[in-house]
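Here is the naming used below: chain letters follow the sequence lines, and residue numbers restart at 1 for every chain.
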Amino acid sequence: MPELPEVETIVRGLNSRIIGREITALKVLENRSVEFDKRLITEVIVEHQISSIWRRAKVMIWDLSSGYSLLIHLKMTGQIILKDPAGSGFAGGHPTGSMQAAAKLPDNSTRAIFKLDDGSNIYFNDQRKFGWIRLLPTKEVHSDSFLSSVGPEHDDPVSFTPEYFWQKIRNRITPIKARLLDQKLVAGIGNIYADEALHLAKIHPARKASSLSKAETAALFNAVLAVLKEGVDRGGTSFDKYVNASGGQGDYLKHARVFKREGQPCTVCGTAIIKAKVAGRGTHYCPTCQLPPRGWRP
DNA sequence: CACTTGACCTGTCCGC
DNA sequence: TGCGGACAGGTCAAGT
């Protein structure tokens with residue numbers, strides 16, 4: 001499930017490959033996945049160049065020379081797969097489709113295809129159709145009003161500070177894990193990195209946010225920065241396949257502290273990792289390193 | 001306003 | 001083997 005590090009990795013991969021390319025066609029295979037008036041395809045997409053590619057929260061943004069920007073959200077199962085004319089590729093997104101860079105495309109989960117002027121194709125695959133492609137004026141996107149409920153980026157040292165984090169956590173009774181998943185607190189954390197950050201900070205995911213000490217909150221702040229950085233450095237978790245790409249493989253999962261490691265030993269103390277449900281999500285933690293709140297039972 | 005739950009989808013896995 | 005149901009989790013609308 002692409003979170004910030006996965007989307008960031010895709011953005012970096014595309015940046016070195018398709019900037020300056022002209023889009024010659026956009027084929028829509030699943031109407032629901034492309035959430036704008038299809039007449040705009042010929043008006044502001046086709047025969048326009050991709051001038052920049054960037055990311056805000058978990059949304060990937062392609063600025064076009066027409067003054068419009070394409071916004072792509074992969075949600076849980078979305079993938080972006082670039083195939084150059086020689087047939088080699090670059091793939092990013094959900095692990096279930098990891099072999100698709102080498103497989104035949106389009107396939108039954110392909111929702112849209114961008115054709116570029118050098119003969120390469122970009123496939124938007126999305127098994128569950130939760131992902132979307134939207135189109136907005138670039139000016140509107142850069143004003144940051146397009147995402148109403150998204151907070152600061154983790155690496156924005158002006159907005160995302162320990163003091164900000166503390167103020168947003170200290171008075172809430174909701175489980176701390178639910179707070180981390182709230183995109184308004186900080187953008188880009190999903191289920192994987194929430195669990196990872198909590199383990200690194202030695203805080204049980206079910207604890208009330210308000211029960212955290214200031215020191216614990218500071219530790220969690222640092223842990224959020226650390227796991228997101230580590231995720232980006234490792235090329236994300238949800239990837240496990242690059243074809244002919246210089247970035248290497250996305251292998252965060254091999255180094256995960258708790259995520260998807262239930263029953264396996266904690267990397268810190270050796271206790272078996274537990275999986276339980278917290279805030280409606282599958283949640284992984286070490287019962288020794290992350291002491292549960294009183295009365296908590298998995 | 002704070003917080004929780006359900007809906008959106010479809011492929012996979014588990015138990016009977 | 002087939003089948004029903006739980007599960008996967010990002011986001012938003014609707015509900016308490």
Salt bridge check, Asp37(A) against Arg39(A): does any charged N sit closer than 4.0 Å to a carboxylate O?
yes

Whole-Å distance separating the [atom1] atom of [X] from the [atom2] atom of [N]:
X         : N       : atom1 : atom2 : value
His73(A)  : dC12(C) : NE2   : P     : 7 Å
Lys184(A) : dT11(C) : NZ    : P     : 14 Å
Asp182(A) : dG10(C) : CG    : C1'   : 12 Å
Lys260(A) : dC13(B) : NZ    : P     : 12 Å
Arg111(A) : dG11(B) : CZ    : C1'   : 12 Å
Glu262(A) : dC7(C)  : CD    : P     : 13 Å
Asn31(A)  : dC9(B)  : CG    : C1'   : 16 Å
Asp195(A) : dG10(C) : CG    : C1'   : 15 Å

Taking only N/O atoms, report every protein-nucleotides 3-7 of chain B pair under 3.5 Å with atom names and distance.
from   : atom 1 : to        : atom 2 : distance (Å)
dC3(B) : OP1    : Ile173(A) : N      : 2.8
dC3(B) : OP2    : Arg172(A) : NE     : 3.4
dC3(B) : OP2    : Arg172(A) : NH1    : 2.3
dT4(B) : OP2    : Thr174(A) : OG1    : 2.6

Does Lys229(A), at its NZ atom, have more than 12 non-hydrogen atoms belonging to other residues, nucleotides or ligands within less than 6.0 Å?
no

Rounded distance (nearest 0.5 Å) linking atom [atom1] of [X] with atom [atom2] of [Y]:
X         : Y         : atom1 : atom2 : value
Ile81(A)  : Asn125(A) : CD1   : CG    : 4.5 Å
Ile203(A) : Ser213(A) : CD1   : OG    : 7.5 Å
His154(A) : Leu228(A) : NE2   : CG    : 5.0 Å
Asp117(A) : Arg21(A)  : CG    : CZ    : 4.5 Å

Distance test, side-chain N/O of Lys129(A) to OP1/OP2 of dT10(B), below 4.0 Å:
yes

Please report whether the ring centroid of Phe259(A) lies less than 6.0 Å from that of Tyr193(A).
no

Can you list every stem that DNA chain C is part of, counting only runs of 3 or more consecutive Watson-Crick or G-U wobble pairs with both distances under 3.5 Å?
B:2-8 with C:10-16, B:10-16 with C:2-8

Distance-only, no hydrogens or angles: does the Asn222(A) side chain make a donor-acceptor pair with backbone N or O of Ala226(A) under 3.5 Å?
no

Counting N and O atoms only, with roles assigned by atom type, does the side chain of Lys168(A) sit under 3.5 Å from a partner on the main chain of Glu163(A), one being a donor and the other an acceptor?
no

Anything under 3.5 Å between a protein N or O and an N or O of nucleotides 14-16 of chain C, put it in a table, one pair a line.
none

Are Leu180(A) and Leu220(A) packed together at the side-chain level, in the sense that at least one heavy-atom pair is separated by less than 4.5 angstrom?
yes

Starting at the 5' end of DNA chain C, which residue's closest nucleotide do you reach first, Lys277(A) or Val59(A)?
Lys277(A)

Out of [options], which has the shortest distance to the side chain of [X]?
X         : options                   : value
Arg128(A) : dG10(C), dG11(B), dA8(C)  : dA8(C)
Gln127(A) : dT10(B), dA8(C), dG10(C)  : dT10(B)
Gln183(A) : dG10(C), dT11(C), dT10(B) : dT11(C)

Report the C-alpha distance between Phe114(A) and Ile50(A) in whole Å, list the side-chain angles of each, state the deciding distance to 0.1 Å, and finish with yes or no for side chain to side chain contact (heavy atoms under 4.5 Å, CB included).
CA-CA 11 Å; Phe114(A) 293 89; Ile50(A) 301 167; over 6 Å; no

Determine whether the aromatic ring of Phe130(A) stacks with the base of dC8(B), defined as ring centroids separated by less than 5.5 Å and ring planes inclined by less than 30°.
yes

Once you apply a heavy-atom cut-off of 4.0 Å, does Lys208(A) come out as touching a base, just sugar-phosphate, or nothing?
nothing

Which residue, Val150(A), Leu74(A), Leu71(A), forms the side-chain contact (heavy atoms from CB on, under 4.5 Å) with Val59(A)?
Leu71(A)

Distance check, P atoms only: dC9(B) and dA14(C), in whole angstrom units.
15 Å

